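To start, the structure itself, in structure tokens.
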Amino acid sequence: MNPSSYRRIWKVVRRIPKGRVATYGQIARLAGLGGAARLVGYALHALPDDERTVPWQRVINAQGRISPRGFPGAEEVQRRLLLREGVRFDRRARIDLARYGWKER
DNA sequence: AATTTGACCATAA
DNA sequence: GTTATGGCCAAAT
């Protein structure tokens, strides 16, 4: 048993409830890859565009912001998806993790 | 086989 | 508030 780490990551991401967000580091920890936050970003980047069972938009960085992509404009898509779920951003495009952060061990 | 790269994080100054 | 550094893992070159 050692399904690809990507699959474990996606599995964890699927558990994030609607209207909540989690950080890359948090996902890595829950997936048993503590410390390997970068891998989470990489795994999400590798998701097919038509994938809809994984709520990738609920994963943000530790600063409560949407991580910059290579492609400009992608951030806006994510922001829109989150707004549609009821997640609010403050004036500096940051999310209050104390309020919207996913609490789970 | 070795090196580079990436949607990151915590810590230090 | 900022910038720099080291650590972590898998996929692509």
Side-chain angles (χ1 to χ4, degrees):
Chain A
M1 27 173 154
N2 188 14
S4 87
S5 298
Y6 282 14
R7 206 175 300 177
R8 288 208 308 270
I9 290 168
W10 295 332
K11 207 170 178 177
V12 173
V13 173
R14 268 186 231 119
R15 304 193 351 232
I16 306 173
K18 186 169 74 170
R20 290 291 171 101
V21 296
T23 67
Y24 293 96
Q26 185 180 5
I27 299 300
R29 193 160 33 79
L30 294 173
L33 297 166
R38 299 188 77 155
L39 188 57
V40 175
Y42 203 62
L44 295 182
H45 184 59
L47 273 174
D49 293 341
D50 56 356
E51 175 61 84
R52 292 183 192 171
T53 66
V54 178
W56 55 269
Q57 70 273 21
R58 294 176 193 150
V59 184
I60 60 177
N61 65 33
Q63 303 179 353
R65 302 174 160 209
I66 294 174
S67 291
R69 304 297 193 289
F71 193 78
E75 290 187 47
E76 196 173 320
V77 173
Q78 182 169 5
R79 192 191 54 158
R80 195 177 113 247
L81 287 170
L82 289 176
L83 285 173
R84 198 170 65 185
E85 296 183 349
V87 176
R88 300 299 197 80
F89 292 77
D90 68 12
R91 190 184 304 177
R92 289 178 184 170
R94 290 213 299 189
I95 295 172
D96 181 1
L97 287 177
R99 182 170 164 181
Y100 296 105
W102 178 38
K103 288 115 192 153
E104 171 112 6
R105 276 168 268 176

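Treat the numbers as computed from the prediction; the structure is a model and nothing was measured. Naming convention: chains lettered A, B, ... in sequence-line order (proteins, then strands); numbering from 1 in each chain.
For A:Arg69, the listed nucleotide lying nearest its side chain is B:dA7; candidates were B:dC9, B:dA7, C:dA11. When distances run from any side-chain atom of A:Arg94 to the nucleotides C:dG1, C:dA10, B:dC8, the shortest one goes to C:dG1. Between B:dC9, B:dA7, C:dA12, one nucleotide has an atom nearer to the side chain of A:Asn61 than all others, and that is B:dC9.
Rounded to the nearest Å, the gap between the P atom of C:dG7 and that of B:dA7 is 22 Å.
Residue-level contact check: A:Leu44 touches the bases, meaning some heavy atom is under 4.0 Å from a base atom.
The backbone N or O of A:Arg94 sits nowhere less than 3.5 Å from a side-chain atom of A:Gln63 that would complete a donor-acceptor pair. Here the side chain of A:Lys18 pairs no donor or acceptor atom with the backbone of A:Pro55 at under 3.5 angstrom. A donor-acceptor contact shorter than 3.5 Å links the side chain of A:Gln78 to the backbone of A:Gln57.
The phosphate of C:dC9 has neither OP1 nor OP2 within less than 4.0 Å of any side-chain N or O from A:Ser5.
Between the P atom of C:dA10 and the NE2 atom of A:His45 lies a distance of 18 Å, rounded to the nearest Å. Residue A:Leu33 contributes atom CG, which lies 14 Å from atom P of B:dC9 at whole-angstrom precision. In this structure, A:Arg7 atom CZ and C:dA11 atom C1' are separated by 16 Å, rounded to whole Å.
The line from CG of A:Leu47 to OH of A:Tyr6 is 10.0 Å long, rounded to the nearest 0.5 Å.
For residues 34-41 of chain A, proximity to DNA chain C is found at A:Gly35, A:Ala36, A:Arg38, A:Leu39, defined as any non-hydrogen atom under 4.0 angstrom from a strand atom.
Atom CZ of A:Arg14 has more than 12 heavy atoms from other residues, nucleotides or ligands within 6.0 Å.
Within the structure, salt bridge (charged side-chain N to carboxylate O under 4.0 Å, His left out) contacts touching residues 48-69 of chain A (residues at least two apart or in different chains) are A:Arg58-A:Glu85.
Within 3.5 Å, no donor on the side chain of A:Tyr42 pairs with an acceptor on the base of B:dA7, nor the reverse.
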